[in-house]
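Everything numeric in this text was worked out from a predicted model, so none of it was measured. A note on names: the letters A, B, ... follow the listed sequences, proteins ahead of strands, and every chain is numbered from 1.
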Amino acid sequence: MVSKDIKSFFVQRLNDWAAANKRPLPWKNEPDPYLIWLSEIILQQTRVAQGMPYYEAFKAHFPNVQVLAAAPEDEIMRLWQGLGYYSRARNLHQTAKTIAIQYQGKFPDTYEEIRALKGVGPYTAAAIASFAFGLPYAVVDGNVSRVLSRFLGIDTPIDSTIGKKLFQDLADTLLDRNDPGKYNQQLMDFGAVHCTPQQPLCPQCPLQSECIAFRQKKTAQLPVKNKKITKTKRYFHYLVPKFDSQTLIRKRTQQDIWKHLYEFPLIETEQANLDIHDLLAQNHTTLDWWKPEQLIEIRQTGPHKQQLTHQTIIATFWELELQQIEQNQLPDQFVCINWKNLDKFAFPRIIDWYLKDNSLNLFSQVQQN
DNA sequence: AAAGCGGGGTA
DNA sequence: TACCCAGCTTT
């Protein structure tokens, strides 16, 4: 499928390109497998620029795997707040414990052992194996599959089962076994800054003369993906209770977005508009802490929209100033906390938005104390 | 094999 | 808007 000449052309031109296009990143040339692993988990489906500050924060808070393993889960989740795909944070914690206990703090150094870690798939295992231990495993991420599909002119969908196997095989074939880690880095850099999804820099491309997509004018059509997204709208009504400096939050534990993040008591509706008093009159278990006679005042904030990949969230915040919160009636997963302790818990972006910009009127007197 | 999971940048 | 990002896990 790939001739020896094509491979040496590819490897040589890529190496020349990388020499002229440095892309300094904090985790490059990092010898510590723990920090390499940390950076790779953070960067899964995440742009470098977005993950960078999180990497620095995690590195500062948890300088080694033992510290991370010993940290409370809520602290890790809070530090992960805003980065998305929150199961990564839980898997990070679980794997830290695995390494600290089962591996006595020494990061496993074979591909199979690394691949077996929670949250580590084929890409991440190859990345750690090659970067940290110089092992000959080719990474295949979005960048690599795009470069290969174009250079070799392959229109097999990269997200199909057959396509994943094909591109992994091709990547393994093209891998420069003299320095797998360096080669892997170069190829991802090339995809990220040169062979970009839109408007790739073909006119000045060192691979142009052998690039099938360029020759056939198909760069804009490659790579092919067959996954299409369907978006659903959801209407969230958050009830924000206030009693003195106390409020009520709960941890999301159902199989849904934002699992293991916290939120205010939530009622989800099918329609955008509703009468708040009708909603409060419902005999909903989420409202067991609420008694109509204890209501002092209601204020509304929002609705505010948040666009996720598969869902549009339209959230309205209803601030309920109360004479009392029925703490002995709290449903499962609910906790009554002081307002000033909210920063100990991880919240979805939309609640963070509300807390930062729109809740001052509710607890301003508390914050001034 | 397909679905589900975030948030943000870019055209 | 739609697409994509140093993907993985669950169903």
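- Taking NZ of A:Lys59 as the reference point, atom OH of A:Tyr34 lies at 10.5 Å (rounded to 0.5 Å).
- Comparing C:dA6 with B:dA11, their C1' atoms sit 22 Å apart, to the nearest whole Å.
- Residues A:Asp189 and A:Lys28 meet the side-chain proximity criterion, which asks for heavy atoms closer than 4.5 Å.
- For a distance-only test at 3.5 Å, the side chain of A:Arg88 fails to qualify as a donor-acceptor partner of the base of C:dC8.
- Of all heavy-atom pairs between A:Thr124 and A:Ile41, the closest is CG2-CD1, 4.1 Å.
- Between the NE2 atom of A:His260 and the C1' atom of C:dT9 there is a distance of 14 Å, rounded to whole Å.
- The shortest distance between the side-chain N/O atoms of A:Trp258 and the OP1/OP2 oxygens of B:dG7 is below 4.0 Å.
- Side-chain proximity of A:Leu308 to C:dC4, B:dG6, C:dG7: nearest is B:dG6.
- Using atom P as the reference point in both B:dG8 and C:dT9, the two lie 24 Å apart (nearest Å).
- For A:Arg146, whose side chain is taken as the heavy atoms from C-beta onward, the closest listed nucleotide among B:dG7, C:dC5, C:dC8 is C:dC5.
- A:Lys242 NZ to A:Leu320 CG: the interatomic distance, rounded to the nearest 0.5 Å, is 12.0 Å.
- Whole-Å rounding puts the A:Asp256 CG to C:dT11 P distance at 14 Å.
- Here A:Val139 lies out of heavy-atom contact (under 4.0 Å) with every strand.
- Separating the CD atom of A:Gln81 from the P atom of B:dG8 is a distance of 11 Å, rounded to the nearest angstrom.
- Residue A:Tyr86 has a polar side-chain atom (N or O) positioned under 4.0 Å from OP1 or OP2 of B:dG7.
- Residue A:Gln44 places no side-chain N or O under 4.0 Å from the OP1 or OP2 atom of C:dG7.
- Here A:Ser87 does not reach the OP1 or OP2 of B:dC5: none of its side-chain N or O atoms lies under 4.0 Å away.
- Looking at heavy-atom distances under 4.0 Å, A:Trp27 makes contact with a base.
- Nearest-nucleotide positions on DNA chain C for A:Thr124 and A:Gln307 put A:Gln307 closer to the 5' end.
- The only member of A:Lys97, A:Lys344, A:Arg90 that meets salt bridge (Lys or Arg N to Asp or Glu O under 4.0 Å) when paired with A:Glu73 is A:Arg90.
- Among the nucleotides C:dG7, C:dT9, B:dG8, the one closest to the side chain of A:Arg115 is C:dT9.
- Nearest-nucleotide positions on DNA chain B for A:Gln45 and A:Asn226 put A:Asn226 closer to the 5' end.
- Applying ring-ring contact (aromatic ring centres under 6.0 Å, His included) to A:Phe151 and the options A:Phe214, A:Phe167, A:Phe10 leaves one that passes, A:Phe10.
- For the atom pair CZ (A:Arg150) and CD (A:Gln216), the distance works out to 14.0 Å, reported to the nearest 0.5 Å.
- An OP1 or OP2 oxygen of C:dC5 is reached within less than 4.0 angstrom by a side-chain nitrogen or oxygen of A:Lys225.
- In this structure, NZ of A:Lys231 is placed 15 Å from P of B:dG4, rounded to the nearest angstrom.
- Within 4.0 Å of A:Ile42, counting heavy atoms only, lies no atom of the nucleic acid at all.
- Looking at A:Thr309, its side chain has no donor and acceptor atom pair within 3.5 Å of the base of B:dG4.
- Nearest to the side chain of A:Gln311, among C:dA6, B:dG6, B:dC5, sits B:dC5.
- When rounded to the nearest whole Å, the span between CD1 of A:Ile41 and C1' of C:dG7 equals 9 Å.
- Between A:Lys227 and C:dA2 there is no side-chain polar atom (N or O) within less than 4.0 angstrom of OP1 or OP2.
- The side chain of A:Asp141 has C:dA6 as its nearest neighbour among B:dG7, C:dA6, B:dA11.
- The separation of C:dC8 from B:dG9, taken at their P atoms, amounts to 24 Å, rounded to a whole angstrom.
- Between A:Gln185 and the phosphate of C:dA6, there is no side-chain N or O to OP1/OP2 separation shorter than 4.0 Å.
- Judged by closest nucleotide on DNA chain B, A:Ser160 is the one of A:Ile257 and A:Ser160 placed further toward the 5' end.
- Positionally, the nearest nucleotide of DNA chain C for A:Leu25 lies more toward the 5' end than for the other of A:Leu25 and A:Gln255.
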